[in-house]
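The model shown is predicted, which means the values in this text are computed figures rather than measured ones.
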Amino acid sequence: MPSDIPEKPALEGLEAHWGDIWEREGTYAFDRARAVELGKDSVFAVDTPPPTASGSLHIGHVFSYTHMDLAARFQRANGKVIFYPMGWDDNGLPTERRVQNYYGVRCDPTLPYDASFTPPQEGGEGTSGKAADQVPISRRNFVELCERLTVEDEKKFEELWRTLGLSVDWAQTYRTISDESQRTAQRAFLRNLARGEAYQADAPTLWDITFRTAVAQAELEDKEMPGAYHRVSFHKPDGGTIDIETTRPELIPACVALVANPEDERYKPYFGTTVRTPLFGVEVPVLAHPLAQIDKGSGIAMICTFGDVTDVVWWRELSLPTRPMLGFDGRVMSEPPAGIDSDEQRALYAELAGKTVFSAKARMVELLTESGDLIGEPRPITHPVKFFEKGDKPLEIVTTRQWYISNGAKDEDLRSRLLQRGEQVDFHPDFMRVRYENWVSGLNGDWLISRQRFFGVPIPVWYPLDGDGNPVFDKPIVPAEDQLPVDPSSQPAPGYTDDQRGVPGGFVGEVDVMDTWATSSLTPQIAGKWGEDDELWNLVFPYSLRSQGQDIIRTWLFSTVLRAELEHGVAPWAHAGISGFIVDPDRKKMSKSKGNVVTPQGMLDEHGSDAVRYWAASSRLGTDAAFDPENPKQIKIGRRLAIKVLNAAKFVYSFAHTDGAPVTEPLDVDMLRRLAEVVRVATDSYEQFDHARALETTEQFFWTFTDDYLELVKERAYRDASPEQASAVAALRLAIDVFLRLLAPVLPFATEEVWRWTHDGSIHVAPWPTVNEIPVSGASSGLLDLCGTALIGIRGAKTEAKASQKTPVTSGTVTGPALLAEAKDDLAAVGRIAELTLVESDEVAVRDIVLDETAE
RNA sequence: GGGCCUGUAGCUCAGUUGGUUAGAGCGCCACGCUUACACCGUGGAUGUCGGGGGUUCGAGUCCCUCCGGGCUCACCA
């Protein structure tokens, strides 16, 4: 039953009130039976980004999730069956780090499980984060804490999304660490493996020494770091020297060659000869390679294994040996690399062993200075250095065995297929496709998916051990798909028993887990229950819409396209809606490290969800939005609009109305014609994912409706029953009905509140308004606009006289086109003009206004 | 250095296929508690459309060039 119209409508409390009712009524539930009946074309499936559970949601999330919700709500109103799940990305490094800080613990996989373990602290966000202050615990204890904390975090996230009014079906929630997700991720991996798309390689790998894990190209970030050029002498056999410049003199023991440009006349004579490294006297060749830049440093560089990614290229293309000297912890290894053999050299190396890169460099500079091999003073510079985006120490490059998935970097056929899939996706805005294409075109290595971490989806393989107890990596043992998910570090390999673990002739389990993106790239498959529920899967895949921020095109968007191409050979969605990001008043991107992040809960509490949604909806896809938490202008405007909707509707519903009364008065007809045009534009805009234009058009006419039309006709609407009175009220009520539905995606709470005053069901399952339900046709006569202009004149005259707008007018004249006569009575009424004279003219003007001074 | 986006009123932004005097909201100034709304209403002022050049009868809109801002990739000896 429709509810009573409150005395004083307010926004406060609407979120909780209607949120509960929507949940109870299943307003947003995926109607599977209907989808089955109507077929896949009736389904609008949204592939939603799972936010990092252990991170915090910020205002930028609200921004892009609202954009996604607007599209879903529009499609729902248009009769689509909406599949709108929500997921949480809870596996991975961010969770581990948060658990470490929150509980003051650290995972040490060598420790046994302690069933009675209680963490030393809870909620200690302010701790040092230093390993020394953390209690080492077993992997199983650690994973338990991860589970515990993410469940808590996810509850808070869901609360926030519900408050914001996302029309998600909360029965479709998924977690990337759940058994189902693990099964999906492992199944997809095994199929990649079977097709040869997943493989292992023992190769130089970008390595984070803090987290002690490999990282992928997509996770790199450059940071400007101070450094210094050191000019160092290498010794020619004839006693002369060749001077190189390096920022990493500590890597001299790892030097395998010098390299200069083949065109460089200065070094041409030395190509093919050898020199000896300073201090250690290791003999290394002088080689030519086009990547060496003539004008950089001294034009000749030392190649170490490995100082940077260029070293890797040289090492590979020049077939050089490996002389590693840094361990997984970023410290100089105790055993010197090959070539450092004599006691003297080894003693020198021992001075560096165990030191961090920083300390080793300092000691090396002292040693080089003593030996006279350092020419002049080091010259300080700042230069970009590669970091793991979540790390705070520069990456090192170490050689390790890792798992990769081919991504087109080394396979032109795959690369062109991925580009083709990109063309098949409708990007909104369209230019965002270029970012995808740039990324695909610029890939220079396959996707490294193994991580030496603990809280993630295990890579589902084991390795047999040979007679000496060495793993046979190229003969991995894989589980059957119906055994998934598996944890090779705690379960025996198929065909083996637990006591064969680690013994010659037995097996070992892979200990690595997958990169988070290797799971979240499968969100369509996880939410659509690929391989588990064929009926559902066929209804939702490929999805209709992927909605996300522009910052994760290279990671999430790309990896999703890749997995869909490898497994299904299609683009995973028809549309990709890309939201811009939020910048602070100084136009700086909001990010945690800059400390300018705004948490959304306070904004929602203070201004109301509709207001915050209005702010998000008023920005087009792909454009960045400025946001000043101290003065959230757009939010305040949205709040004003929502309040206006409540009040205007309440006012309209206060007039006596006759059911089925026809709209006959020219002004009423003209308002409805204008409204029909608004419906046309708004619908067209939403269809093109241009919610901002739909909102702007609707909002603008809504204000004309309340400020001009409603003012013009309210006197008539108050009168006793008559065809003119009934016409006004019929037009008013019809307009409100249409406005509410046009605004419902943006203001789901205020519009629902009003809708239920006169309707039984939810506005959010009501059909989208069409021009067919507006009982007038033809283009606007312009009458409403003319009246609006005349109104401004009348009001201006009163303002000029410093009189109240209600001051009666004895007489006045309005000039304008003859059409104005059709609204003469309304004009006279709104201006309280006793004697109104109309004079025909091209220009609308108001003159000779005589105020009734006796009316005090 | 490459690619993409962007520069319109003090602020945030609209400006459709080039077409009269360039728009909105906020803010500002003035006025008004007008039988829905003071979480309000009414009126008003405000711009070399980043600079320069070109195409055109006509350019905020198209082309070239320069300058500024942002994102991104690359470079990293």
Side-chain angles (χ1 to χ4, degrees), chain A residues 5 8-12 220 222 224-225 227 229-230 232 244-248 251 258-260 291-293 296-304 307-311 314 381 383-386 429 431-435 437-439 441-444 550-551 553-554 580-581 583 585 587-589 607-608 611 615 618-620 622-628 631 633-634 636-637 639-655 681 692-693 696-697 699-700 703 706-707 710-711 714-715 718 791-807 830 832:
Chain A
I5 301 177
K8 198 158 173 66
L11 299 177
E12 278 66 33
L220 300 184
D222 282 358
E224 282 293 329
M225 293 294 288
Y229 279 127
H230 301 75
V232 176
I244 60 111
E245 293 208 341
T246 178
T247 56
R248 306 205 57 181
L251 292 181
L258 297 189
V259 65
L291 224 53
Q293 293 175 30
K296 197 155 192 170
S298 59
I300 187 162
M302 72 170 180
I303 305 172
C304 305
D308 62 38
V309 289
T310 317
D311 281 346
W314 282 326
I381 54 159
H383 62 156
V385 176
K386 283 199 193 308
F431 67 76
M432 286 295 178
R433 179 184 294 101
V434 177
R435 304 200 179 182
E437 288 170 348
N438 286 347
W439 178 252
S441 306
L443 285 167
N444 54 30
Q550 55 164 309
D551 50 332
I553 290 176
R554 68 174 181 167
F581 50 66
V583 293
R587 298 215 72 85
K588 295 264 165 33
K589 185 180 173 181
H607 305 283
W615 160 72
S618 60
S619 282
R620 290 174 303 168
T623 54
D624 302 341
F627 184 75
D628 180 0
N631 183 23
K633 281 190 270 191
Q634 283 297 106
K636 288 179 177 172
I637 296 166
R639 182 176 172 83
R640 208 179 55 140
L641 176 65
I643 291 171
K644 192 74 175 181
V645 167
L646 296 177
N647 286 316
K650 180 187 171 223
F651 187 43
V652 165
Y653 290 138
S654 72
F655 301 125
V681 173
R693 183 166 134 92
E696 190 191 14
T697 306
E699 182 192 13
Q700 198 172 29
W703 285 106
T706 59
D707 292 349
L710 190 43
E711 292 295 328
K714 72 181 183 188
E715 296 293 334
Y718 265 127
L791 248 185
I792 288 173
I794 295 167
R795 286 164 173 163
K798 291 185 177 180
T799 301
E800 181 76 14
K802 295 190 194 303
S804 155
Q805 292 296 323
K806 73 169 179 183
T807 309
V830 71
R832 293 167 185 267

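B:C63 and B:C5 have their P atoms separated by 12 Å, given to the nearest Å. Taking atom P in both B:A30 and B:A22, one finds a spacing of 28 Å when rounded to whole Å. Annotation: B:C11 and B:G47 have their P atoms spaced 14 Å apart (nearest Å). Using atom P as the reference point in both B:G18 and B:C40, the two lie 41 Å apart (nearest Å). Spacing between B:C28 and B:C67 at atom C1', rounded to whole Å, works out to 32 Å. Taking the C1' atom of each, B:G19 and B:U61 are spaced 11 Å apart, rounded to whole Å. Separating the P atom of B:U42 from that of B:G27 is a span of 14 Å, rounded to the nearest Å. Going from the P atom of B:A14 to that of B:G7 covers 8 Å, rounded to whole Å.
Here A:Q293 lies in heavy-atom contact (under 4.0 Å) with a base. Across all strands, A:W615 comes closer than 4.0 Å to no nucleic acid atom at all (heavy-atom distances). Using a 4.0 Å heavy-atom criterion, one finds that A:I553 contacts no nucleic acid atom at all. Using a 4.0 Å heavy-atom criterion, one finds that A:A292 contacts the bases of the nucleic acid, with or without backbone contacts as well. If you check every strand for non-hydrogen atoms under 4.0 Å, A:D311 touches nothing. Within the nucleic acid shown, A:K650 has no heavy atom closer than 4.0 Å to any nucleic acid atom. Here A:K8 lies in heavy-atom contact (under 4.0 Å) with sugar-phosphate atoms only. In this structure, A:N438 reaches the sugar-phosphate backbone alone: every heavy-atom distance under 4.0 Å involves primed, P, OP1 or OP2 atoms, never a base. Contact annotation for A:I637: backbone-only contact, meaning every heavy-atom pair under 4.0 Å involves sugar-phosphate atoms and none involves a base. Contact annotation for A:R795: backbone-only contact, meaning every heavy-atom pair under 4.0 Å involves sugar-phosphate atoms and none involves a base. If you check every strand for non-hydrogen atoms under 4.0 Å, A:E437 touches nothing.
Looking at the side chain of A:L710, the nearest of the listed nucleotides B:G43, B:U42, B:A36 is B:A36. For A:W439, whose side chain is taken as the heavy atoms from C-beta onward, the closest listed nucleotide among B:U34, B:C73, B:C71 is B:C73. Of the listed nucleotides (B:A36, B:C39, B:G43), B:A36 has the atom at the smallest distance from the side chain of A:E711. Side chain of A:R620, nearest nucleotide from B:G15, B:U12, B:A36: B:G15. Of the candidate nucleotides B:C5, B:U12, B:C39, B:C5 has the atom nearest to the side chain of A:F431.
The shortest non-hydrogen separation linking A:D707 to A:L791 is O-CD1, 4.4 Å. Summarising the geometry of A:S298 relative to A:I244, their closest heavy-atom pair is OG-CA, 3.4 Å, with the distance given to 0.1 Å.
Salt bridge present: A:E12 and A:R639 bring a charged side-chain N and a carboxylate O closer than 4.0 Å.
The phosphate of B:A36 has OP1 or OP2 within less than 4.0 Å of a side-chain N or O from A:Y718. One finds a side-chain N or O of A:R640 lying less than 4.0 angstrom from the OP1 or OP2 phosphate oxygen of B:G41. OP1 or OP2 of B:G41 lies within a sub-4.0 Å distance of a side-chain N or O belonging to A:K644.
A:L251 contributes atom CG, which lies 9.5 Å from atom CG of A:D308 (distance to the nearest 0.5 angstrom). Separating the OG atom in A:S618 from the CZ atom in A:R693 is a distance of 16.0 Å, to the nearest 0.5 Å. Taken from CG in A:L220 to CZ in A:R554, the straight-line distance is 7.0 Å, to the nearest 0.5 Å.
Between A:I637 and A:E699 there is a side-chain heavy-atom pair separated by less than 4.5 Å.
Interface remark: the A:D222 side chain does form a donor-acceptor pair with the B:C75 base, using a distance-only criterion of under 3.5 Å. Residue-to-nucleotide contacts include a donor-acceptor pair under 3.5 Å from the side chain of A:K633 to the base of B:C11.
Residue A:E800 qualifies as open at atom CD: its count of foreign heavy atoms under 6.0 Å is 12 or below.
Under a cutoff of 6.0 Å and an axis angle of 45°, A:R433 and A:W439 do not form a cation-pi pair.
Rounding to whole angstrom units, CG of residue A:L11 and P of B:C37 are separated by 15 Å. In this structure, A:Q700 places its CD atom 9 Å from C1' of B:A14, rounding to the nearest Å. A:F581 has its CZ atom 13 Å from the P atom of B:U6, to the nearest Å. If you take NZ of A:K798 and P of B:U42, they are 13 Å apart, rounded to a whole angstrom. Taking atom CZ of residue A:R693 and atom P of nucleotide B:C13, one finds them 19 Å apart after rounding to whole Å. Rounding to whole angstrom units, CD of residue A:Q550 and C1' of B:C5 are separated by 9 Å. In this structure, A:F651 atom CZ and B:G41 atom P are separated by 14 Å, rounded to whole Å. Rounded to a whole Å, the CD atom of A:Q805 is 12 Å from the P atom of B:U35.
Between A:R795 and A:Q805, the side chains place no donor N or O within less than 3.5 Å of an acceptor N or O (distance only, hydrogens not considered).
Map A:V434 and A:P9 each onto its nearest nucleotide of RNA chain B; the residue landing nearer the 5' end is A:V434. Taking the nucleotide of RNA chain B with the nearest heavy atom to each of A:G796 and A:A10, the more 5' of the two is matched to A:A10.
Taking the six-membered ring where the residue is Trp, A:Y718 and A:F655 present perpendicular rings, their angle passing 60° and hence far from 30°.
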Intra- and inter-strand pairing of RNA chain B, written as dot-bracket with Watson-Crick and G-U pairs under 3.5 Å and | for the latter, reads (((((((..((((.....[...)))).(((((.......))))).....(((((..]....))))))))))))....
